[in-house]
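Only heavy atoms go into these numbers, but all of them, side chains included; no hydrogens, no water, no symmetry mates. Proteins come first, then strands; the chains are lettered A, B, ... in the order of their sequence lines, and each starts at number 1.
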2 protein chains.
Amino acid sequence: MSRSRSQLRLIDVAEQAGVSLATASRALAGREGVSEAVADRVRQVSRDLGYVANPHARQLAGGATSTVGLIVHQIDDLYFSEIASGMIQLAGERGLMVQICHSGRDPDAELAQIRHLSAQRVGVIIVAGSGYTDPGTEAMARAALLAFQERGGRVAVIGRHALNVDAVLPDNRDGGRAITEHLLALGHRRIAVVAGPEELTTVADRLAGAAEALAVHGLSLDRLPVAYADFTCPGGREAAARILRERSTPTAIIALNDAMAIGVLSALRAQRVRVPDEISVVGFNDVSIAQDLAPSLTTVRLPLAEMGRQALAMALKPRSARPRKRATGHHLIVRDSTASVS
Amino acid sequence: MSRSRSQLRLIDVAEQAGVSLATASRALAGREGVSEAVADRVRQVSRDLGYVANPHARQLAGGATSTVGLIVHQIDDLYFSEIASGMIQLAGERGLMVQICHSGRDPDAELAQIRHLSAQRVGVIIVAGSGYTDPGTEAMARAALLAFQERGGRVAVIGRHALNVDAVLPDNRDGGRAITEHLLALGHRRIAVVAGPEELTTVADRLAGAAEALAVHGLSLDRLPVAYADFTCPGGREAAARILRERSTPTAIIALNDAMAIGVLSALRAQRVRVPDEISVVGFNDVSIAQDLAPSLTTVRLPLAEMGRQALAMALKPRSARPRKRATGHHLIVRDSTASVS
DNA sequence: ATGAAAGCGCTAACAA
DNA sequence: TTGTTAGCGCTTTCAT
């Protein structure tokens, strides 16, 4: 109840070190204007006493903020939790805390989260969820982020957004092409696609890559079955079930992320369809369990944890004149869920 | 660069409403000492202007804090990410933010995180990782949490009994007994156990439950193969490999969490051991992918997301005289990874 | 019921 | 190089 004193303040450190408040502040912040000797002494005292600055006072006084807000669709999705893991690790190294918010794949909720984080005066906002293909959808978010940046906030996103900020760009198009080429090389021609919502740029880009590869072989997505559903495991199950109900079953199914691929495998198993003997299945992302599925999943590896680190690292750099873009690269990981068409 | 004004302050709302700062503060905080009419007007103006309080100023002035710190072993583990998901959801409903830290299953790191969160002046700390059986290890954490509570902070833990704070207690012992009884009822007697580190209370409790069930049939863990490894998927792979190298192979393997069970299934597949025909496998937790594995995993369901909600809900209640304990309950979920011994 | 004013712990001008 | 001081935006006595 009674908030007993006990919590160390900067003034306590200053007194112990025999310097003024200002000098102590400068020394600990690593700012100039303090002799090395004095600075060392202050830091030593601070360490001995176990002093930790009050971030609220610090931010209120106009100093640096130590918290970063991360917006994900949902944290209990390995794509996001692996990204978050990498980001939390880097944050830890830099003495920062990561606040996680859910957008639930809803642009309005995402906007609300951006506004909330901004109002909370976090120092950095990272948007990790996919962008939206509709140009209008992100207009409000762009305005909110712009206002946030104008107040000194830093921003980075993961994925292709129309937000005009620093971005880590997953190799969605090239990855989509690579995974499709893999199936084509195995002789597959009757290929079905299990996709997340069309309005996600992630989905659009991966589809575009697939279309490129298909075109080389005179195939087109327009004439192939493409089943849209939630970009999740249950979504994959549902989409696969729909595809299996069509007259001609495919010899291969491309799921646009691993979560959907897991759902596809589950649905195929329920129907006693053997993978890869009867149908090959591929995913995208290479989340950690992909290698432990049965059959293990052929997929496109994105460096998820590294992407999280990179996004935060970008945001922590001094702001550049124009938005930075950084591509992730990708690797095709061939495992047991694909085989050549018999 | 220049931190342009633009951000609304309480004084702006007060002026618009034609009242003093103090009155506006009281009205928005829902404190008494303001007439209903005035309070309504202030709230109306606040809403119209889109005012959001500066949490740093608020906390510095001795008001309520709106952030909760969550300590997990690692967020990219479905056990924790599902717990976090539930907690983030409830936090959102209450207008709170959740900061996530990793302890990496290291008691020292965990202690450091507790201290850090405490120094950051979060309002609530939730420790979600397993406790440690060694009393000395928990002593430091208990002291740090006590100090935090003395300063007015609220604390809740998931699955730790030695901390003397509000706790959500997973049904580890009963669940361990239930899953073991299931195997025994199927006729299994040569049962191996794949366990996480002994010093985790979660591991100890689940083992104790298993031992109880085994004792009924005259069996003892001492005479059964128990392989310890990391409480993760790779750990499960490694432990299973070790067990398979022994002379007499078991007819069933109990993995003490689903992550390890996934590793076990993976290792068995690599060795061409059929599940459940040759060996039955069970897990614990029922993370979301458990149902989509091949074979789908027989396991003990804990209400993970709900546990996250409950832990936060407990912490948000007014502090009680003595620590509250809340058991989770559990359900045995029988799927395809277990069969009766042939 | 309302207002005036004193901080909370820190940073950043401004002085010395 | 160092110290002094005025806030940051809010809550909370203490007056009125």
Side-chain angles (χ1 to χ4, degrees), chain A residues 1-42 46 49 51-67 95 118-121 123 151-153, chain B residues 1-43 46 49 51-67 118-123 151-152:
Chain A
M1 295 301 160
S2 59
R3 318 173 76 235
S4 64
R5 195 51 295 114
S6 78
Q7 203 77 340
L8 235 40
R9 293 158 307 163
L10 182 54
I11 185 76
D12 300 320
V13 175
E15 279 173 4
Q16 272 288 323
V19 298
S20 75
L21 199 55
T23 301
S25 173
R26 284 189 271 254
L28 293 183
R31 249 168 296 143
E32 55 181 11
V34 200
S35 66
E36 261 316 303
V38 174
D40 276 346
R41 182 151 42 87
V42 172
S46 164
L49 264 43
Y51 168 75
V52 181
N54 181 329
H56 304 287
R58 175 172 277 176
Q59 125 83 27
L60 193 57
T65 311
S66 61
T67 118
S118 182
Q120 292 262 3
R121 277 79 169 174
R151 286 191 9 249
Chain B
M1 296 302 159
S2 58
R3 318 172 77 236
S4 64
R5 197 48 297 113
S6 78
Q7 202 78 340
L8 234 39
R9 291 158 309 163
L10 181 54
I11 185 75
D12 300 320
V13 174
E15 278 174 3
Q16 271 289 321
V19 298
S20 75
L21 201 53
T23 301
S25 174
R26 283 189 271 254
L28 293 184
R31 249 168 297 144
E32 55 182 12
V34 200
S35 67
E36 262 315 304
V38 174
D40 275 347
R41 184 152 39 89
V42 172
R43 281 191 283 264
S46 164
L49 264 44
Y51 169 74
V52 181
N54 181 330
H56 304 287
R58 174 173 277 175
Q59 125 82 29
L60 193 57
T65 313
S66 62
T67 118
S118 181
Q120 292 263 1
R121 279 75 169 177
V122 297
R151 286 190 9 248

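Using modelled atom types, no side-chain atom of B:Asp40 and backbone atom of B:Ala37 make a donor-acceptor pair closer than 3.5 Å. Put simply, the side chain of B:Arg41 gets close to the backbone of B:Ala17: a donor and an acceptor are under 3.5 Å apart.
Note: CG (A:Leu8) to P (C:dC8) measures 15 Å, nearest angstrom. Taking atom CG of A:Leu60 as the reference point, atom P of C:dC8 lies 13 Å away to the nearest angstrom. A:Asn54 has its CG atom 16 Å from the P atom of D:dC10, to the nearest Å. In this structure, A:Gln59 atom CD and D:dG7 atom P are separated by 19 Å, rounded to whole Å. Atom CG of B:Leu10 and atom C1' of D:dT11 are 10 Å apart (whole Å). One atom, CD of B:Gln120, and another, C1' of C:dG9, lie 14 Å apart when rounded to the nearest Å. To the nearest angstrom, C1' of D:dC8 lies 14 Å from CG of B:Asp12. Straight-line distance from the NE2 atom of A:His56 to the C1' atom of C:dC8: 11 Å, rounded to whole Å.
Residue B:Tyr51 has no polar side-chain atom (N or O) positioned under 4.0 Å from OP1 or OP2 of D:dG9. Put simply, A:Ser25 has no side-chain N or O that comes within less than 4.0 Å of OP1 or OP2 on C:dC10. Put simply, B:Arg121 has no side-chain N or O that comes within less than 4.0 Å of OP1 or OP2 on C:dC8.
With axes fitted over five pairs at each extremity, the angle between the ends of the helix from C:dA1-D:dT16 to C:dA16-D:dT1 is 40° (10° resolution).
Here the closest heavy-atom approach between residue B:Arg151 and residue B:Ser118 is recorded as NH1-OG, 2.9 Å. For the pair A:Leu8 and A:Leu49, the tightest heavy-atom approach, listed with the atom from each and the gap, is CD2-O, 3.2 Å. Looking at every heavy atom in both residues, B:Pro55 comes nearest to B:Ser66 through CB-OG, 4.1 Å. Residue A:Gly33 comes nearest to A:Arg26 through the heavy atom pair O-NE, 4.2 Å, listed as atom of the first residue, atom of the second, then distance. Closest heavy-atom contact between B:Leu28 and B:Leu10: CD1-CD1, 3.7 Å.
Nucleic acid contact class of B:Ala29 (heavy atoms, under 4.0 Å, all strands): none.
Among D:dG9, C:dC10, D:dT11, the nucleotide with an atom closest to any side-chain atom of B:Arg31 is D:dT11.
Between the side chains of A:Thr67 and A:Arg121, no donor-acceptor pair is found at a separation under 3.5 Å.
A salt bridge links B:Arg43 with B:Glu36: the distance from a Lys NZ or Arg NE/NH1/NH2 to an Asp or Glu carboxylate oxygen falls below 4.0 Å.
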Please tabulate, one pair per line, each protein N/O and nucleotide N/O from nucleotides 1-4 of chain C that are separated by under 3.5 Å, including the distance.
unit_1: C:dT2; atom_1: OP2; unit_2: B:Ser35; atom_2: N; d: 2.8
unit_1: C:dT2; atom_1: OP2; unit_2: B:Ser35; atom_2: OG; d: 3.2
unit_1: C:dG3; atom_1: OP2; unit_2: B:Ser20; atom_2: N; d: 2.8
unit_1: C:dG3; atom_1: OP2; unit_2: B:Ser20; atom_2: OG; d: 3.1
unit_1: C:dG3; atom_1: OP2; unit_2: B:Thr23; atom_2: OG1; d: 2.9
unit_1: C:dG3; atom_1: N7; unit_2: B:Arg26; atom_2: NH2; d: 2.8
unit_1: C:dG3; atom_1: O6; unit_2: B:Arg26; atom_2: NH1; d: 3.2
unit_1: C:dG3; atom_1: O6; unit_2: B:Arg26; atom_2: NH2; d: 3.2

